[in-house]
Amino acid sequence: MSTPPSLLRHFVNGEFVATSRTFDNVSPIDGRLLGQVCEADAALVDQAVAAAKAAQQGPWAGYSATQRADLLLRVAEGIERRFEDFVAAEVADTGRPVQQARTLDIARGVHNFRTFAELIRQAGGEYYEMRTADGSDVFSYTVRKPHGVVAIISPWNLPMLLLTWKVAPALACGNSVVVKPSEDSPSSATLLAEVMQEAGVPAGVFNLVHGFGPNSAGEFLTRHPDVDAITFTGESRTGATIMKAAAEGVREVSFELGGKNAAVVFADCDFDAAVAGVLRSSFTNSGQVCLCSERVYVERPIFERFVAALKAGAENLKIGYPDEPGVDMGSLISHKHRDKVLGYFELARGEGATLVTGGDVPRFGDERDNGAYVRPTIWTGLSDDARCMREEVFGPVCHVAPFDRDDEVVARVNDSAYGLAAAVWTRDLKRAHKVSRRLHVGMVWVNTWFLRDLRTPFGGARLSGLGREGGRHSLDFYSETTTVCVNA
């Protein structure tokens, strides 16, 4: 499998450009240097925003919804033609299993462009008729228009999936975009710029700048006065900083932030399905998904049995090279992030956690020992007010606790500063409906996890985010509405 180019450049106004300042792109698999990434300075960000703004006055402004949909489909086809290149880039940057990159990350990237192409074709406005007191007929209707320049800041955990989740609806609505991917996962975004160029996207419509957050590309972009809307997925603290910057211009924002998600397992569940489901929701992508279950509540009659089965399942997960047959878990994104996760493992021990399994770094006896791996880890015994129960770890870890009553577990799930997602496992669908409505989260899965109909809204509450995207909700965020009132 090929690796990303040794120098990753920016893409501004339809051309790839380099800057003199660079940073390392390091493999989390074995610690080797993949290459260099150009870092954008304030001047380059200015150029990218200016190009995006100019595109709003160029040929792109005349594209109909059908033409924009056709363009998105060409982008989807371009990704498919270079599918294995995208897989290689995603795997090299993140260390995730090749099978996951193929079936989830890149496949979903293609699907995002196709979904929003169809949604914009079918999107309509509102239309009303009324008659005034003097007998005049009045017709009112709405017109959807782009905001203009949208800043898109995407994270490292699912780089291609989450980037295309934002780029596709932004372009579908006629915006031009300036994208800043995470400094830890720059490769697939650079490939996407190549596909945009090949698909004939007009110059300035899609721009890409690499860099960091504070005093780098991220800050320069979110503070830029010519950016009309900002969408961000990442840490809650960063979201709060961006919100302060956006407030200066009263700009549109959409944030999908962190989560300390719960799984609730009732005694009447399909036991084997629930164990498999919690293993998946806790350890997929080495726990580096904002939707992962870090808090697991199990009804007391099956608690001991469930913990034993979960332990056996976790210890059976295969950790290794991304292209190894049957591999279940790869590395964490970086040594820096691994240090953070291991810090929480140490904290959990200090807070009185009982270690069921894991809690350390695997040893391979080869170059993988230079990578950023952590064993899947299960704790019990922590109180609900422990820091490890309140703060997002974002690693392959979950804490399992017993509960006795529905009201009790609902209160414990809701006792969190976050509110992104939850999973409920039960054969009693009446109970599932009732409990789901009481959970203060943006999404509840019943007897499944990470299953999405892209037409439905997605987002969180409290520290987990602001706003909703997905389906018409994305079209609403990435466009503004004008009402036209005609007195006939």
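All values reported here derive from a predicted model rather than from experimental measurement.
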Could you tell me whether [X] and [Y] make a salt bridge, using a distance below 4.0 angstrom between a side-chain N and a carboxylate O?
{"X": "K180", "Y": "E183", "answer": "yes"}
{"X": "E315", "Y": "R375", "answer": "no"}
{"X": "R114", "Y": "E80", "answer": "yes"}
{"X": "E480", "Y": "R144", "answer": "no"}
{"X": "R390", "Y": "D385", "answer": "no"}
{"X": "R300", "Y": "D404", "answer": "yes"}
{"X": "R251", "Y": "D228", "answer": "no"}
{"X": "K260", "Y": "E294", "answer": "yes"}
{"X": "R438", "Y": "D406", "answer": "no"}
{"X": "D30", "Y": "R32", "answer": "yes"}

Is the NZ or CZ atom of [X] positioned over [Y]'s six-membered ring, under 6.0 angstrom from the centre and within 45° of the axis?
{"X": "R368", "Y": "Y321", "result": "yes"}
{"X": "R468", "Y": "F458", "result": "no"}
{"X": "R108", "Y": "W165", "result": "yes"}

Within this structure, what is the CG-CE distance for the pair L171 and M196, rounded to the nearest 0.5 Å? 5.0 Å
Got a second to check how far E252's CD is from L466's CG, nearest 0.5 Å? 9.5 Å
Please lay out, stage by stage, how V265 and F271 fare under the test side chain to side chain contact (heavy atoms under 4.5 Å, CB included). CA-CA 9 Å; V265 182; F271 186 86; over 6 Å; no
[X] atom [atom1]: more than 12 heavy-atom contacts under 6.0 Å:
{"X": "K318", "atom1": "NZ", "result": "yes"}
{"X": "K340", "atom1": "NZ", "result": "yes"}
{"X": "R237", "atom1": "CZ", "result": "no"}

Residue set satisfying salt bridge (Lys or Arg N to Asp or Glu O under 4.0 Å) with D369, at least two apart, ordered chain then number -> none
Measure from the ring center of W156 to the ring center of F394 and say whether it is less than 6.0 Å. yes
With a 6.0 Å cut-off on the ring centroids, do F266 and F403 count as close? yes
Holding to side chain to side chain contact (heavy atoms under 4.5 Å, CB included), I want the full list of residues that pass it with N414, two or more places apart in sequence or in another chain. V410, L439, H440
Quick one: do L192 and V75 satisfy side chain to side chain contact (heavy atoms under 4.5 Å, CB included)? Show the steps, please. CA-CA 9 Å; L192 182 60; V75 173; 4.2 Å; yes
Quick check: do V424 and V444 have side-chain heavy atoms less than 4.5 Å from each other? yes
Evaluate the salt bridge (charged side-chain N to carboxylate O under 4.0 Å, His left out) criterion for residues R102 and E84: first the C-alpha distance (whole Å), next the side-chain angles of each, then the deciding distance (0.1 Å), finally the verdict. CA-CA 8 Å; R102 285 199 179 114; E84 290 305 316; 3.0 Å; yes
Where do V110 and A76 come nearest, in terms of heavy atoms and distance? O-CB, 3.9 Å
Test side chain to side chain donor-acceptor pair (under 3.5 Å) applied to Y344 and E351, E391, R387, R349, the passing residue: E391
